Amino acid sequence: MNPVIPAVPLNNGVEIPQLGFGTYKLPPAQTRDLVLHAFDAGYRHVDTAQMYRNEREVGEAVAASGLPRAEVFVTTKLNNGFHRHDDALAAFDRSLDALGTDYVDLFLIHWPLPAVGLYTEAWAALEEIYASGRARAIGVSNFQPAHLDRVLESGTVVPAVNQVEVHPYLRQDEVRAYGAARGIVTEAWSPLGRGTVLTDPVIANVAARHGVSTAQVVLRWHLQRGDVVFPKSATPERIVQNADLWRFELGAEDVAALDALDRGERTGSHPDLENDTTR
Ligand code: A2P
């Protein structure tokens, strides 16, 4: 039986399924079939990006699924080289073309690139796209509070989400609290720490007591914190397992045990330092 995945309301009333399927590093040649497998397993939310070079295959899967477009939530992200206003608009058009759709559900600025210094210009372009109705919601990714301060000062639309790296080794309390205070939903990328947290003995202990896998414990921890997650897997059985999160609940002690694992450990770039406009 397919899971009933809860919806999280965004600040403009649009609802996002709390669990999605991540496509970072999925090889384009496998992406279509894996996304179709995820739809079969009950996922209705797919997270891609211009940077991942698999938007076309994601779009093919949406089309091949036979699902009504309105039943699938599709997120994509502006690539780093396109923060100039006109470049952002053109890049968005290319995303729609690749995805084979006339709107996306959520469009994000992928990285703030503070050394480039154009993210408020990019945000103005996203506001235009939003006003045109071709993105049902807009947001940012990898923004620190200081970057969000500038977006809120210069813009007129409050970002719907901030998608940042979050997992038990990187709790991100400060940026999550900043978002919560301003109606910005946190999306946790690399919710499994790209696999690094899955052999942790504390998590293994919790998993054994609940009779589930360590991945399921970690995903459940994210859900109970209220974040949106979209684990990536290229393994069909894991795609199914990662959506099987609704028949157990972590107790306060379990949550505290996972909370205590925070050690500020990133698997990806620090947002203040990322400045690569070529990828
Ligand atoms: P694979 O794609 O080979 O199945 P994140 O979402 O944090 O980036 O983590 C993705 C990594 O975690 C991938 O290496 C993926 O491996 C692995 N992974 C995803 N789901 C599971 C699972 N249920 N059990 C073990 N490893 C998993």
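Just so you know, ligand 1 is whichever comes first in the structure, and atom 1 is the first atom listed for that ligand. Every value quoted in this text rests on a predicted model; they were computed, and no experiment measured them.
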Colleague: Are Leu34 and Val240 in one and the same hydrophobic cluster, where Ile, Leu, Val, Met, Phe, Trp and Tyr link if side-chain heavy atoms are under 4.5 Å apart?
Modeller: no
Colleague: Starting from atom 18 (N) of ligand 1, what is the nearest protein heavy atom, named by residue and atom, and what distance separates them?
Modeller: Leu192 CD1, 3.9 Å
Colleague: Tell me whether Asp47 is salt-bridged to Lys77, with the criterion being a basic N under 4.0 Å from an acidic carboxylate O.
Modeller: yes
Colleague: For the residue pair His210 and Phe248, does the interplanar ring angle fall in the parallel (under 30°), tilted (30 to 60°) or perpendicular (over 60°) class?
Modeller: tilted
Colleague: Taking the minimum heavy-atom distance to atom 6 (O) of ligand 1, which of Gln30, Lys232, Lys25 ranks first?
Modeller: Lys232
Colleague: Starting at CD of Gln172, measure out to OG1 of Thr186 and round the result to the nearest 0.5 Å.
Modeller: 8.5 Å
Colleague: If you measure from each non-hydrogen atom of Ser213 to ligand 1, which part falls under 4.0 Å: side chain, backbone, both or neither?
Modeller: neither
Colleague: Could you verify whether a donor N or O on one side chain and an acceptor N or O on the other, from Trp189 and Asn142, lie under 3.5 Å apart?
Modeller: yes
Colleague: Under 4.0 Å from any heavy atom of Leu198, which atoms of ligand 1 are there?
Modeller: 25 (C), 26 (N), 27 (C)
Colleague: Going by an N to O cut-off under 4.0 Å, is there a salt bridge joining Arg209 and Asp254?
Modeller: yes
Colleague: Tell me which protein heavy atom sits closest to atom 11 (C) of ligand 1, plus the residue, atom name and distance to 0.1 Å.
Modeller: Arg194 C, 3.8 Å
Colleague: Mind checking whether Phe230 has an N or O less than 3.5 Å away from an N or O of ligand 1?
Modeller: no
Colleague: Taking 4.0 Å as the limit for heavy-atom contacts, which would you say applies to Gln241 with ligand 1: side chain only, backbone only, both, or neither?
Modeller: side chain
Colleague: Among Ala215, Ala234, Pro191, which one puts a heavy atom closest to atom 2 (O) of ligand 1?
Modeller: Ala234
Colleague: Against heavy atoms of Thr235, which atoms of ligand 1 measure under 4.0 Å?
Modeller: 1 (P), 3 (O), 4 (O)
Colleague: Between Asn242 and ligand 1, which part of the residue brings a heavy atom under 4.0 Å of the ligand: side chain, backbone, both or neither?
Modeller: side chain
Colleague: Which ligand 1 atoms, with their elements, are less than 4.0 angstrom from a heavy-atom of Gly193?
Modeller: 7 (O)
Colleague: Do Ser95 and Gln50 get their side chains close enough for a donor-acceptor pair, meaning under 3.5 Å?
Modeller: yes
Colleague: Are any of the side-chain nitrogens in Asp102 or Arg69 under 4.0 Å away from the carboxylate oxygens of its partner?
Modeller: no
Colleague: Which residue and atom name correspond to the protein heavy atom nearest atom 8 (O) of ligand 1, and how close is it?
Modeller: Ser190 OG, 3.1 Å
Colleague: For the residue pair Thr214 and Asp200, confirm or rule out a side-chain donor-acceptor distance under 3.5 Å.
Modeller: no
Colleague: Closest non-hydrogen protein atom to atom 3 (O) of ligand 1, residue and atom name please, with distance?
Modeller: Arg238 NH1, 3.4 Å
